[in-house]
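For reference, the structure is listed below as structure tokens.
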Amino acid sequence: MPVLPDAYIIGAPKAGTTSLAAWLGEHPDGFMSTPKEPFYWASDYPKLRAHYGFATQKAYSCLFDNPRSHAATLRAEGSTVYLYSQTAVTDILGAVPHARFVVCLRNPADLLASYHRTQVVTLNDHETDFGRAWRLRSSGSLKSADPIDPKLVDYPMVGRLGAAVQHLLGIVPRERIHFVFFEDLVSSSAAVWHDLTDFLGLPGDGRQNFSPQNPSRSMYRSRLLREALHRPPAVVAAPVRAIRQWSRESDSHVVQQLKRATWRPAAKPTLSTQLRQELVSFFADDVRLLGELLGRDLQAWTELPSRTGARATS
């Protein structure tokens with residue numbers, strides 16, 4: 001029998017999923033896949049999961065077939081496209097009926113500002129100005145984009161968290177879903193972590209360090225190198241993919257230093273007042289839907305703050 005995860009951090013992207021995944025992987029009784037996002041269950045994103053090398057159950061289950069995984073009380077992965085996939089959650093439940101799901105939520109305006117940076121880094125979107133990218137993608141244009149899957153740069157869809165949660169609640173019983181709001185994660189990290197471990201049935205681990213993981217504060221130094229490693233020609237795609245996976249799993253100090261050397265610091269994404277207002281207006285109805293579904297006052301998401309700027313922690 002293949003070893004499969006018990007828990008899934010399914011999104012939203014740039015809303016704290018990487019931090020929760022890292023902390024969960026460090027829990028003495030937890031195990032997190034490497035990579036965090038294998039995308040296996042997203043069969044409606046076929047090129048994406050093939051690109052990362054986990055299109056088969058054999059390749060996917062190998063991520064969890066190791067001594068640390070077998071010793072863990074709980075195994076997890078964190079593919080954020082599952083929140084938007086039309087097939088992933090249903091297929092997960094078919095294979096893992098006891099599966100539990102973690103959903104992170106964030107003001108869509110700030111989420112998308114940070115998410116766009118990720119799409120530039122992953123070479124899906126070549127338009128580096130988010131305002132221009134938003135207007136192009138919201139009109140359906142893929143000009144200056146080369147996405148592995150067009151849904152990855154469908155910024156209106158990614159920002160419609162209310163619609164995504166409504167779909168999820170139609171598939172999964174409410175008690176099997178744990179929601180985490182980004183502002184709570186920022187302001188009350190210890191309490192959020194306690195509630196999450198309680199939901200997952202893990203004992204407290206005494207964690208004191210809640211440093212954010214994967215902030216949107218860097219950019220690749222060389223586009224040519226980035227393309228060679230992440231969009232290689234088909235003839236060398238498999239060995240390059242194997243090298244990438246090896247580097248993810250390696251504990252070598254030299255390997256980690258080399259990886260860090262490929263990045264340069266970059267300013268956090270920010271939004272102009274005009275663009276923020278445009279996004280707030282666009283998502284207003286969806287934000288109201290999300291608030292109604294979860295019984296949470298999200299009025300602050302529909303207001304224009306006195307100081308704009310996207311806090312970019314994922």
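Everything numeric here is computed off the predicted structure, so don't read it as measured data.
For the residue pair T56 and Y40, the shortest heavy atom distance occurs at C-CE1, 3.5 Å. Residues P265 and R221 share a closest heavy-atom pair of CD-NH2, 4.5 Å. Heavy atoms only, all atoms of each residue included: I148 and H51 are closest at CD1-CD2, 3.5 Å. For the pair S218 and W263, the tightest heavy-atom approach, listed with the atom from each and the gap, is OG-CE3, 4.0 Å. Listed here is the closest heavy atom pair of V186 and S189: O-OG, 4.0 Å. Nearest heavy-atom pair across G53 and A59 is O-CB, 3.6 Å.
Of the candidates R117, K268, R276, D110 forms a salt bridge (charged side-chain N to carboxylate O under 4.0 Å, His left out) with just one, namely R276. Screening V158, L112, D125 for a side chain to side chain contact (heavy atoms under 4.5 Å, CB included) involving R137 leaves a single residue, D125.
For the pair R296 and F181, the cation-pi test (distance below 6.0 Å, angle within 45°) is passed.
Although no hydrogens or angles enter the test, the distance criterion places no donor-acceptor pair under 3.5 Å between the side chain of D184 and the main chain of V192. Not one N or O on the side chain of R217 forms a donor-acceptor pair closer than 3.5 Å with the backbone of A267. With hydrogens and angles ignored, the 3.5 Å screen pairs no side-chain donor or acceptor of E183 with any backbone N or O of L185.
Ion pairing between R223 and E227 holds under the 4.0 Å rule for side-chain N and carboxylate O. Ion pair D154/K151 not flagged as a salt bridge, since none of the NZ, NE, NH1 or NH2 atoms sits closer than 4.0 Å to an Asp/Glu carboxylate oxygen.
Under a hydrophobic-cluster definition in which Ile, Leu, Val, Met, Phe, Trp and Tyr are linked whenever side-chain heavy atoms come within less than 4.5 Å, directly or via other members, L289 and I177 are assigned to the same cluster. One hydrophobic cluster holds both L293 and V287 under the rule that ILVMFWY side chains link at heavy-atom gaps under 4.5 Å. One hydrophobic cluster, built from ILVMFWY side chains closer than 4.5 Å, holds both V165 and L111. The same ILVMFWY cluster, assembled from side-chain heavy atoms under 4.5 Å apart, contains both M157 and L169. In the hydrophobic clustering of this structure, L258 does not group with V240; members are Ile, Leu, Val, Met, Phe, Trp, Tyr whose side-chain heavy atoms approach within less than 4.5 Å, directly or through other members.
In this structure, a donor-acceptor pair under 3.5 Å is absent between the side chains of K14 and T80. Of the N and O atoms on the side chains of Q277 and S281, at least one donor lies less than 3.5 Å from an acceptor on the other residue. For the residue pair Q213/S211, the side-chain donor-acceptor check at 3.5 Å is not satisfied. In summary, the side chains of H126 and D146 do not present any donor paired with an acceptor at a separation below 3.5 Å, with no hydrogens or angles considered.
Classified by interplanar angle (parallel below 30°, tilted 30° to 60°, perpendicular above 60°), the ring pair F64/Y60 is perpendicular. Classified by interplanar angle (parallel below 30°, tilted 30° to 60°, perpendicular above 60°), the ring pair F130/H116 is tilted. Between F39 and Y52, the two ring planes are tilted [angle within 30° to 60°].
Here the straight-line distance linking atom CD of Q166 with atom CG of L294 works out to 11.0 Å at 0.5 Å rounding. Note that OG of S33 and CZ of R75 are 12.0 Å apart. Values are rounded to the nearest 0.5 Å. Taken from CD in E303 to CG in N107, the straight-line distance is 10.5 Å, to the nearest 0.5 Å.
The aromatic ring centres of W134 and F283 sit less than 6.0 Å apart.
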Would Y82 and E37 satisfy side chain to side chain donor-acceptor pair (under 3.5 Å), going step by step from the backbone distance to the final call?
CA-CA 10 Å; Y82 295 169; E37 301 193 58; over 6 Å; no

Test side chain to side chain donor-acceptor pair (under 3.5 Å) on H178 and D195; report intermediate values, then the result. CA-CA 9 Å; H178 184 70; D195 291 345; 5.7 Å; no

Between E249 and Q245, does a side chain to side chain donor-acceptor pair (under 3.5 Å) hold up when you go through it step by step? CA-CA 6 Å; E249 297 173 341; Q245 181 65 8; 2.9 Å; yes

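The side-chain hydrogen bond (donor to acceptor under 3.5 Å, both in side chains) pairs that include a residue from residues 198-207 are E26-R207, W193-D205, where partners are two or more places apart or lie in different chains.
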